[in-house]
**Student:** 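Attaching a single structure in structure tokens format; questions to follow.
Scope of the values below: all heavy atoms of this structure, side chains included, with no hydrogens, waters or symmetry mates. Because the structure is predicted, anything quoted here is derived from the model rather than measured. In what follows, chains are A, B, ... by sequence order, proteins preceding strands, each numbered from 1.
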Amino acid sequence: MTNFFTTSIGRKILMSVTGLFLIMFLLVHLTVNSMILFDGTGDLFNRAAHFMATTPLIKVVEPLLAIGLLAHFLIASLITFQNQRNRNVTYGAFGRYEARNASQGSTWASRNMYILGTVIIVFLVIHLINFFWKMKFTGDPLLSEVIINGEHMENAYALVTGLFINWKWSVALYVVGAIALGLHLYHGVWSAFQTLGWSNKKWRKILNVIGVLFSTLLALGYAIIPLYVMIRSMI
Amino acid sequence: MKLTLKVWRQAGPKDKGQFETYQLDNASLDMTFLELMDALNEKLIAEGKDPVAFEHDCREGICGSCAMMVNGRPHGPGQEITTCQLNMKAFKDGETITVEPWRTNSFPVIKDLVVDRSSFEKIMEAGGFVNVEVGSAVDSNTYKVSKARADEAFDAAACIGCGACVAACKNSSAMLFVAAKVSQYALLPQGKTEGVQRAWNMLAKMDELGFGSCSNTGSCEAECPKGVSLSHIARLNREFIKAGFRKAGAEKL
Ligand code: HEM
Ligand code: SF4
Ligand code: FES
């Protein structure tokens, strides 16, 4: 008997659900990060980061995020590989056809989700080494304790801004990561709803607009923070 | 009109195949693309060469047999037309036109441009039918179907099984075809006997035959000669999810 999650639609539903779950996290994460923009002393951001690190909920959400990302990545690899198999890929000058497909009626992002995803995951590894790893395990001189309203906490603000100020290339890296994420979601948002069957001729237009606005907001939001920190340190 | 045709020639399923280039001096703007292929074949026969094998039947856009990739697009340039409806006005004098078969392992080449699309028939056998008594025609309004529903079902029923969606898709997925066939019945009372089981059976067959999964890129819809919409794929997904739940329930009994 065919199992639901081994069918092509079943697998796509797992992609969609894990993708939407990761999006929820990205929203929370961006909200916390945006505190950097609103408070130059870093107190606001430090308090938010401290809350995120100590709330009991994080003990549940953190492993779920890791599992979600891993599942999303593994199924993406599986379906991308399987989808290549059935076409005579090695054939022509332009993929499987000799002549370039003049109008595919599709966006570049939608055809290159795996490449965009790979950029995201490479970025994520570097990003985790930059901050998460230091805050959780190895520590860093910049993290030395601050006291806000009588509460002791790590100076996450110093660690984050320190990276963007002291290593300017990291800003370029974070901007590339934000663009890749934006493009991934430019297609991903509407696609996730379509996969779940929550679309029709009318809703497709609405979902497309939501997807474009949402992906632009997220990409801009994540790109602006390192740019802002770097530029502020230079003027 | 003088044209250069670069055509895929393949003697049989096992042959490696290659492109051959032909010059054609007597093309005219009044021709359809298939008439151009006829002119090429007449020339080849006169020269004692093997004519190009291609499929065609109705030549009016309803049978779906005239499958070919023209300049990298299924059924050539233009919206919502089949190759037999493609007019030579779409090309310029002196142009080189590349003609290829659909390329996917689920549609193996039989000869030249002719591919074996029996995989579509196998998908139809898995669920593309209704188990209702046919008998004589029922009175009108026996089954009440709203105009919107009837229109949507008709859009789906317009699918001619040509395979352009598979040819256009980067994943060689047959989702648009399966969605059209599932939607057509899912929207009408006559299809209720099989219910969501139809979606399950047809999709399982599609997977088994090696077609890819759907990335929702929309290439299929852009190249479909009948303008079958991606909204039918959303409906297929809904039907399939319902079938999944039903199965999970039934298996526990
Ligand atoms: C924060 C990280 C990520 C988020 C928020 C995210 C989100 C999404 C969403 C919402 C979709 C649409 C699902 C659908 O079509 O139903 C999607 C699709 C996809 N994602 Fe991600 N993704 C992320 C990371 C990754 C990574 C690391 C990879 C792998 C290298 C990846 C590969 C893909 C692929 C290949 C698809 C398209 C699947 C298909 O072709 O049908 N994603 N993603
Ligand atoms: S859905 Fe469109 S492109 Fe696909 S087989 Fe049917 S008519 Fe052809
Ligand atoms: S020959 Fe029938 S659709 Fe073209």
**Student:** For the residue pair A:Arg111 and B:Ser219, confirm or rule out a side-chain donor-acceptor distance under 3.5 Å.
**Tutor:** no
**Student:** In terms of heavy-atom proximity below 4.5 Å to chain A, should B:Glu221 be classed as side chain, backbone, both, or neither?
**Tutor:** side chain
**Student:** With sequence neighbours excluded, give me every side-chain hydrogen bond (donor to acceptor under 3.5 Å, both in side chains) pair touching residues 56-66 of chain A.
**Tutor:** A:Glu62-A:Lys136
**Student:** Please rank B:Ser106, B:Gly244, B:Ala243 by heavy-atom pairs under 4.5 Å with chain A and give me the top one.
**Tutor:** B:Ser106
**Student:** Under a 4.5 Å heavy-atom cut-off, does chain A meet the side chain of B:Ala167, its backbone, both or neither?
**Tutor:** both
**Student:** How close do A:Asn3 and B:Trp200 get, counting heavy atoms only, and between which atoms?
**Tutor:** C-CH2, 4.4 Å
**Student:** Ignoring hydrogens, what is the shortest heavy-atom contact between A:Tyr97 and B:Met69? Give both atom names and the distance.
**Tutor:** CE1-CE, 3.4 Å
**Student:** What part of B:Asp155 lies closer than 4.5 angstrom to a heavy atom of chain A: side chain, backbone, both or neither?
**Tutor:** side chain
**Student:** For the residue pair A:Phe4 and B:Ile241, what are the closest heavy atoms and their distance?
**Tutor:** CE1-CA, 4.1 Å
**Student:** Can you find a side-chain donor-acceptor pair between A:Ser8 and B:Asp207 that sits under 3.5 Å?
**Tutor:** yes
**Student:** Would the number of heavy atoms belonging to other residues, nucleotides or ligands and lying under 6.0 Å from CZ of A:Phe164 be above 12?
**Tutor:** yes
**Student:** Tell me, side chain or backbone of B:Val166 under 4.5 Å from chain A's heavy atoms, or both, or neither?
**Tutor:** backbone
**Student:** Please report the shortest heavy-atom distance between A:Gln194 and B:Asn237, naming the atom on each side.
**Tutor:** O-ND2, 3.0 Å
**Student:** Taking all non-hydrogen atoms of both residues into account, name the closest pair between B:Lys6 and A:Glu98 and its distance.
**Tutor:** NZ-OE2, 3.0 Å
**Student:** Can you confirm whether more than 12 heavy atoms, excluding those of A:Trp133, are under 6.0 Å from its CH2 atom?
**Tutor:** no
**Student:** Under a plain distance cut-off of 3.5 Å, with no hydrogens placed, do B:Ser213 and A:Asn83 share a side-chain donor-acceptor pair?
**Tutor:** yes
**Student:** Side chain from CB out, backbone as N, CA, C, O: work out which of these in B:Pro77 comes under 4.5 Å of a heavy atom of chain A, or both, or neither.
**Tutor:** neither
**Student:** Under a 4.5 Å heavy-atom cut-off, does chain B meet the side chain of A:Thr80, its backbone, both or neither?
**Tutor:** neither
**Student:** Given heavy-atom pairs under 4.5 angstrom as the criterion, report whether the side chain, backbone, both or neither of B:Glu152 touches chain A.
**Tutor:** side chain
**Student:** Could you tell me which portion of B:Thr98 (side chain, backbone, both or neither) has an atom closer than 4.5 angstrom to a non-hydrogen atom of chain A?
**Tutor:** side chain
**Student:** Sort by residue number and list every residue of residues 199-218 of chain A having at least one heavy atom under 4.5 Å from chain B.
**Tutor:** A:Ser199, A:Asn200, A:Lys201, A:Arg204
**Student:** Quick one: which of A:Ser110, A:Ser191, A:Ser106 gives a side-chain hydrogen bond (donor to acceptor under 3.5 Å, both in side chains) with B:Asn216?
**Tutor:** A:Ser191
